[in-house]
Participant: 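Just dropping this structure here.
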Amino acid sequence: MDAKLFAALNDQINEETYSAYLYLSMSTWFEANHMSGFAGWMKVQAGEEAKHAEKVIENLQARGHQPVLKAVAAPPNQWKSALDAFEAALAHEKHISACYQRLVDQAYELRDHASVAFLSWFVTEQVEEEKSTDEMVQKLRLAGESIGARMYLDGHARKRA
Ligand code: FEO
């Protein structure tokens, strides 16, 4: 594999691990603020992100490389509201989608079709990730200041676990 593409894919391990860390942090904030349904939703999401990091690691190994794990930044730990947290999650997912977009472009330029095929799974997955996070954002916007509606959504989010 091209050295620059290896470096970019290696960096993606960090992006996915940070995603897991960010959502775990959101989960602890929700739990501390008595919204255990949203906390559970974020914990499930964190688990999925950790699996995404593993997927990138395993692909690099299959291509004969040793992945190099780097320091993971500390995520934020306070948000203004459930809506604020989910909006931050959606912005983060858009950032991750852009990362995969760039990786696919890079793999195409190099005519590395194995990497293009590998990355296509993530391109599809990101559509789903943005959709599920945006659904929460839209519902929380509709709930507005209604405690009852927000509690209903918290209970609904619990079902994801
Ligand atoms: Fe694995 Fe939500 O990006």
Side-chain angles (χ1 to χ4, degrees), residues 8-60 67 69-107 115-161:
L9 281 165
N10 195 75
D11 284 347
Q12 199 59 24
I13 299 169
N14 199 281
E15 291 281 358
E16 292 287 6
T17 307
Y18 177 79
S19 303
Y21 220 28
L22 173 64
Y23 297 143
L24 208 48
S25 185
M26 286 180 175
S27 176
T28 65
W29 180 81
F30 277 121
E31 199 65 60
N33 286 278
H34 319 291
M35 291 177 267
S36 59
F38 292 134
W41 193 99
M42 284 294 175
K43 209 180 211 176
V44 170
Q45 190 59 34
E48 287 190 8
E49 302 301 359
K51 283 191 200 126
H52 293 169
E54 277 174 40
K55 224 173 158 71
V56 180
I57 287 172
E58 284 164 10
N59 178 258
L60 288 176
L69 304 188
K70 297 181 183 170
V72 181
N77 56 37
Q78 296 294 321
W79 289 270
K80 290 195 280 270
S81 62
L83 177 59
D84 184 37
F86 273 97
E87 280 177 339
L90 180 59
H92 183 70
E93 285 306 321
K94 287 183 175 172
H95 161 72
I96 295 293
S97 298
C99 289
Y100 281 111
Q101 206 73 37
R102 277 196 300 275
L103 283 165
V104 172
D105 286 347
Q106 218 174 330
S115 290
V116 171
F118 169 70
L119 289 164
S120 72
W121 184 88
F122 283 96
V123 172
T124 308
E125 174 72 5
Q126 279 311 118
V127 173
E128 198 46 50
E129 301 247 307
E130 282 192 37
K131 179 174 172 267
S132 62
T133 314
D134 187 51
E135 265 171 19
M136 257 337 163
V137 168
Q138 298 309 329
K139 284 176 184 163
L140 281 163
R141 280 185 188 153
L142 283 174
E145 294 305 309
S146 163
I147 304 279
R150 293 211 306 251
M151 286 297 99
Y152 171 80
L153 289 177
D154 183 66
H156 184 69
R158 185 174 288 114
K159 291 187 186 131
R160 186 182 184 188

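In this chain, numbering begins with 1 at the start of the sequence shown. As the structure is a prediction and not an experimental result, all values here were calculated from the model.
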Participant: Kindly indicate whether the side chain of M42, heavy atoms from C-beta on, has any atom under 4.5 Å from the side chain of M35.
Facilitator: no
Participant: Tell me which one of L60, L9, V56 satisfies side-chain contact (heavy atoms from CB on, under 4.5 Å) with P67.
Facilitator: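 The side-chain contact (heavy atoms from CB on, under 4.5 Å) with P67 is passed solely by L60 among L60, L9, V56.
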Participant: Measure the shortest side-chain to side-chain distance between E125 and Y100 over non-hydrogen atoms and say whether it is less than 4.5 angstrom.
Facilitator: no
Participant: Run the ring pair (Phe, Tyr, Trp, His ring centres under 6.0 Å) check on H52 and W121 step by step: do they pass?
Facilitator: CA-CA 10 Å; H52 293 169; W121 184 88; 5.5 Å; yes
Participant: When you check the side-chain N and O atoms of Q138 and D134, is any donor under 3.5 Å from an acceptor?
Facilitator: yes
Participant: Can you confirm whether Y18 is buried at OH, in the sense that more than 12 heavy atoms of other residues, nucleotides or ligands lie under 6.0 Å from that atom?
Facilitator: yes
Participant: Quick check: does any side chain N or O of R158 sit under 3.5 Å from a backbone N or O of F38, one acting as donor and the other as acceptor?
Facilitator: no
Participant: Just checking H156: does its NE2 atom have more than 12 heavy atoms from other residues, nucleotides or ligands closer to it than 6.0 angstrom?
Facilitator: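 Count not over threshold, so no.
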Participant: Only one of I96, I57, T17, L119 clears side-chain contact (heavy atoms from CB on, under 4.5 Å) with Q12; which?
Facilitator: I96
Participant: In sequence, state the C-alpha distance, the side-chain angles, and the governing distance for N10 and K70, and then conclude on side-chain contact (heavy atoms from CB on, under 4.5 Å).
Facilitator: CA-CA 9 Å; N10 195 75; K70 297 181 183 170; 4.0 Å; yes
Participant: Applying the ring pair (Phe, Tyr, Trp, His ring centres under 6.0 Å) criterion to F86, which one of W41, W29, Y23 satisfies it?
Facilitator: W41
Participant: Between the side chains of Q45 and E49, does any donor sit under 3.5 Å from an acceptor?
Facilitator: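 The criterion, which ignores hydrogens and geometry beyond distance, is satisfied for E49 and Q45.
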Participant: Are any side-chain N or O atoms of S25 and backbone N or O atoms of Y21, one a donor and one an acceptor, separated by less than 3.5 Å?
Facilitator: no
